Q: 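Could you have a look at this structure, given as structure tokens, before my questions?
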Number of protein chains: 2
Amino acid sequence: MGKNRPMDISARTDYAVRAMLSLAAAQVDRTGPVSAEAIASRQALPKKFLEAILSDLRRSGLVTSTRGNAGGYALARPAAQISLGDVFRAVDGPLAEVRGLRPHDMTYQPPADHLPTVWVAVRASLRRVLDETTLAGVLAGELPEHVVALSSAPDAWRNR
Amino acid sequence: MGKNRPMDISARTDYAVRAMLSLAAAQVDRTGPVSAEAIASRQALPKKFLEAILSDLRRSGLVTSTRGNAGGYALARPAAQISLGDVFRAVDGPLAEVRGLRPHDMTYQPPADHLPTVWVAVRASLRRVLDETTLAGVLAGELPEHVVALSSAPDAWRNR
DNA sequence: AGTAATCCGATCTGCCCTATAGGAATAGCA
DNA sequence: TGCTATTCCTATAGGGCAGATCGGATTACT
């Protein structure tokens with residue numbers, strides 16, 4: 001068994017979400033823009049790498065930036081209107097592709113011809129969690145019902 | 001935005017599942033072991049790569065192999081008792097890790113301290129689909145209710 | 001001007017995904 | 001015994017990308 005990465009959450013994505021949560025906190029506190037330096041030191045992220053990620057987030061329209069003295073980054077929308085799915089797509093592209101392609105528009109020979117349905121279900125299942133969970137929700141620890149249900153299932157925290 | 005792969009289904013995994021479905025079909029038809037060559041040509045997979053994948057599956061105890069003339073591979077258990085999750089783990093290792101680590105036993109600073117709950121929910125959500133979908137189910141096109149529900153939602157097949 | 005930021009492009013290292021090659025071991029059959 | 005089909009094992013290779021860093025250009029506020 002190779003030590004593959006697929007279906008994992010990358011450092012890039014993890015960093016992006018944590019950075020966004022920092023900005024969400026700043027939005028609540030009504031303090032000004034937050035510098036990359038401030039985020040990096042408080043969340044223990046590599047600064048230059050974080051800069052690149054924030055650049056992606058800005059280009060995707062999720063954050064705004066202010067240059068110069070006392071500049072920094074801020075959420076482009078209220079934290080309650082930004083989902084984790086938005087963040088994932090901004091830094092990683094489309095969710096749950098198969099071999100770099102969309103689950104549909106793949107052609108399978110029987111006996112694998114029902115596979116696309118499963119792949120679509122996998123993607124839909126991810127969307128249900130990521131698209132309905134907002135930065136504000138994570139910040140406050142108030143997650144959607146079915147997300148709480150998923151995470152509080154008896155063996156959800158067990159390795160397998 | 002970098003063209004990242006994370007949260008994708010790798011070629012390796014896709015091939016593994018398709019190979020397993022071929023073996024499942026052979027199990028139903030009660031024909032003998034299937035050679036890598038036969039699987040490769042019928043599912044259009046690179047033969048040598050497939051061999052390596054089948055090796056993983058054998059080492060994980062999901063398939064048995066017979067050497068020599070008229071040899072090949074066969075499922076080690078009834079197709080109804082092998083889930084896609086089993087296959088994923090055999091070729092990819094644990095599902096939905098975060099930066100190569102398990103979702104729990106990661107430590108986050110506030111304001112990101114509720115993140116592990118979300119990561120666990122993501123993993124649980126994947127498990128719900130992959131662990132309850134069996135090879136026999138995919139083969140027959142008879143998928144678990146909630147998988148069907150996920151895949152038949154209005155926008156499940158749409159890009160986003 | 002000075003200072004603190006973002007912004008941009010280049011670069012680097014190493015890993016790992018995908019894939020192939022070559023051959024050794026094994027098993028059935030004529 | 002040899003022939004053939006097959007798994008099995010090891011090595012290799014290109015290519016890409018993740019993760020990360022550097023240096024400097026640009027912008028903005030005081």
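Quick note on labels: first sequence line is chain A, next is B, and so on, each numbered from 1. Keep in mind that what you see is a predicted model, and the values were worked out from it rather than measured.
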Q: Does a side chain donor of either A/Ser83 or A/Thr134 reach within less than 3.5 Å of an acceptor in the other side chain?
A: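 A/Thr134 and A/Ser83 do not have a side-chain donor-acceptor pair below 3.5 Å.
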Q: I'd like to know if B/Asp8 and A/Arg123 make a salt bridge, using a cut-off of under 4.0 Å between side-chain N and carboxylate O.
A: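 Salt bridge flag = no for A/Arg123 with B/Asp8.
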Q: Let me know the distance between CG of B/Leu50 and C1' of C/dC17, rounded to the nearest Å.
A: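 In whole Å, C/dC17 C1' and B/Leu50 CG are 16 Å from each other.
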Q: Could you tell me whether B/Thr66 contacts a base, only the sugar-phosphate backbone, or nothing, with contacts defined as non-hydrogen atoms closer than 4.0 Å?
A: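 Touches sugar-phosphate only.
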Q: Do the side chains of B/Asp56 and B/Arg12 get close enough for a salt bridge, i.e. N-O under 4.0 angstrom?
A: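 A salt bridge is present here (some side-chain N lies under 4.0 Å from a carboxylate O).
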Q: With a 4.0 Å cutoff (strictly under), does any side-chain N or O of A/Tyr73 reach OP1 or OP2 of C/dA5?
A: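 It does not, given that no N or O in the side chain of A/Tyr73 lies less than 4.0 Å from OP1 or OP2 of C/dA5.
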Q: Per the atom types in the model, does the base of C/dA27 pair as donor or acceptor with the side chain of B/Arg67 at under 3.5 Å?
A: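 Side chain to base: no pair present.
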Q: Any carboxylate oxygen within less than 4.0 angstrom of a Lys/Arg side-chain nitrogen, looking at A/Arg89 and A/Asp131?
A: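 Salt bridge flag = yes for A/Asp131 with A/Arg89.
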Q: What is the separation between atom CG on B/Asp92 and atom P on C/dC17, rounded to the nearest whole Å?
A: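 Roughly 8 Å, once rounded to whole Å.
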Q: What is the distance from CD1 of A/Ile39 to P of C/dA5, rounded to the nearest Å?
A: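 About 12 Å, once rounded to whole Å.
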Q: Report the distance from atom CD1 of A/Ile53 to atom P of C/dT6, rounded to the nearest whole Å.
A: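 My rounded result for the distance is 14 Å.
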Q: Side chain of B/Phe49: nearest nucleotide among C/dT20, C/dC7, D/dT6?
A: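 From the listed options, C/dT20 comes nearest.
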Q: Considering every strand and a 4.0 Å limit on heavy-atom distances, what is the contact class for B/Gly71: base, sugar-phosphate, or nothing?
A: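 Touches sugar-phosphate only.
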Q: Quick one: is A/Ser65 getting a side-chain N or O under 4.0 Å of the C/dC7 phosphate, OP1 or OP2?
A: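 Yes, within the criterion.
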Q: Roughly how far, to the nearest 0.5 Å, is CG of A/Leu135 from CE of A/Met20?
A: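 Rounded to the nearest 0.5 Å, the CE-CG separation comes to 5.0 Å.
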Q: Taking the nucleotide of DNA chain D with the nearest heavy atom to each, does A/Glu51 or A/Ala11 sit closer to the 5' end?
A: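 So the residue in question is A/Ala11.
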Q: Would you indicate, yes or no, if C/dC8 has its OP1 or OP2 atom less than 4.0 angstrom from a side-chain nitrogen or oxygen of A/Arg58?
A: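 True: A/Arg58 side-chain N/O within range (under 4.0 Å) of C/dC8 OP1/OP2.
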Q: To the nearest Å, how far apart are B/Lys47 NZ and D/dA5 P?
A: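 Result: 11 Å.
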Q: With a 4.0 Å cutoff (strictly under), does any side-chain N or O of B/Tyr15 reach OP1 or OP2 of C/dT18?
A: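 Checking C/dT18 against B/Tyr15, no side-chain N or O comes under 4.0 Å of OP1 or OP2.
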Q: Listed in order of residue number, which residues of residues 16-32 of chain B have a non-hydrogen atom at under 4.0 Å from DNA chain D?
A: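 Hits under 4.0 Å, by residue number: none.
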Q: Expressed as a whole number of angstroms, how long is the span from A/Leu101:CG to C/dT18:P?
A: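 Checked: the CG to P distance equals 12 Å.
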Q: Is there a side-chain contact between B/Val28 and B/Leu139 in this structure, where contact means two heavy atoms from C-beta onward sitting under 4.5 Å apart?
A: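 The answer is yes; the side chains approach within 4.5 Å.
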Q: Closest nucleotide of DNA chain D for A/Ala52 versus for B/Leu54: which of these residues is on the 5' side?
A: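 First, find each residue's nearest nucleotide; the 5'-ward one identifies B/Leu54.
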Q: If you check every side-chain atom of A/Pro46, which of D/dT21, D/dT7, C/dT20 has the closest atom?
A: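 So the side chain of A/Pro46 is nearest to D/dT21.
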Q: Rounded to the nearest Å, what distance is computed from the CG atom of residue A/Leu45 to the P atom of nucleotide D/dA20?
A: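 Computing the A/Leu45:CG to D/dA20:P distance gives 9 Å.
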Q: Using the ring of each side chain (for Trp, its six-membered ring), is A/His104 parallel, tilted or perpendicular to B/Trp157, with breaks at 30° and 60°?
A: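 The arrangement is tilted - the two ring planes meet at 30° to 60°.
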Q: Students often get this wrong, so: under 4.0 angstrom with heavy atoms, is B/Glu37 touching a base, only sugar-phosphate, or nothing?
A: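 The answer is nothing, as B/Glu37 stays clear of every strand by at least 4.0 Å.
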Q: What I want to check is whether an N or O donor and acceptor connect the side chain of A/Lys48 with the base of D/dG19 at under 3.5 Å.
A: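 Donor-acceptor pair under 3.5 Å: no.
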Q: Within the side chain of B/Ser151, is there an N or O that forms a donor-acceptor pair under 3.5 Å with the backbone of B/Val148?
A: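 Present.
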Q: Any idea which of C/dA5, C/dA27, D/dG23 is nearest the B/Asn69 side chain?
A: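 The answer is C/dA27.
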Q: Tell me: CG of A/Asp14 to C1' of D/dA18, nearest whole Å?
A: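 For the pair A/Asp14 CG and D/dA18 C1', the rounded distance is 14 Å.
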